[in-house]
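One-based numbering, in listed order, for ligands and for the atoms of each. We use all heavy atoms of the structure for the numbers below, so side chains are in, but hydrogens, waters and symmetry mates are not.
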Amino acid sequence: MTHWYDRTIDEEEYYKDLERRQQEHLDRVKRLYSPFSPPFQPCLHDQCPSCLGTGVRADGSMCIHNLSCPCSKCTPWY
Ligand SMILES: [Zn+2]
Ligand SMILES: [Zn+2]
């Protein structure tokens, strides 16, 4: 009895290869589109000359940094 599929392909090899390619695919998709694992970005506020990212100025007052930052710390990710 012959099967419709090609038995020259080893089943184990086939699934191993498939799994590997699926994993690579998912990794690529996750990196590009996942809002759950945003790529690391250093906080621009760490460069803030007034507070160095601490939110507290040298004179003890609160710093509202004069810049917006797209990093994961400042941008809420849902
Ligand atoms: Zn930031
Ligand atoms: Zn600041």
Of all the N, O or S atoms in His65, which has the shortest distance to the Zn ion (ligand 2)?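 Result for His65 and the Zn ion (ligand 2): ND1.
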SB check Glu19 Lys16 (cutoff 4.0 Å):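 Not counted as a salt bridge, because no side-chain N and carboxylate O are separated by less than 4.0 Å.
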Please determine whether a side-chain nitrogen of the Lys or Arg among Glu24 and Arg28 lies less than 4.0 Å from a carboxylate oxygen of the Asp or Glu.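 No.
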What does the angle at the Zn ion (ligand 1) come to, between atom SG of Cys43 and atom SG of Cys71, rounded to 10°?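 Taking the Zn ion (ligand 1) as the apex, I get 100° for this pair.
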So, is His45 placed with an N/O/S atom under 2.8 Å from the Zn ion (ligand 2), counting both backbone and side chain?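 For His45, the answer is no, given that no N, O or S atom comes within less than 2.8 Å of the Zn ion (ligand 2).
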What is the distance from atom CG of Leu52 to atom CD of Gln47, rounded to the nearest 0.5 Å?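 The CG atom of Leu52 sits 8.5 Å away from the CD atom of Gln47.
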Can you see which heavy atom on Met62 is nearest to which on Arg57, and at what distance?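 For Met62 versus Arg57, the nearest heavy atoms are O-NH1, 3.7 Å.
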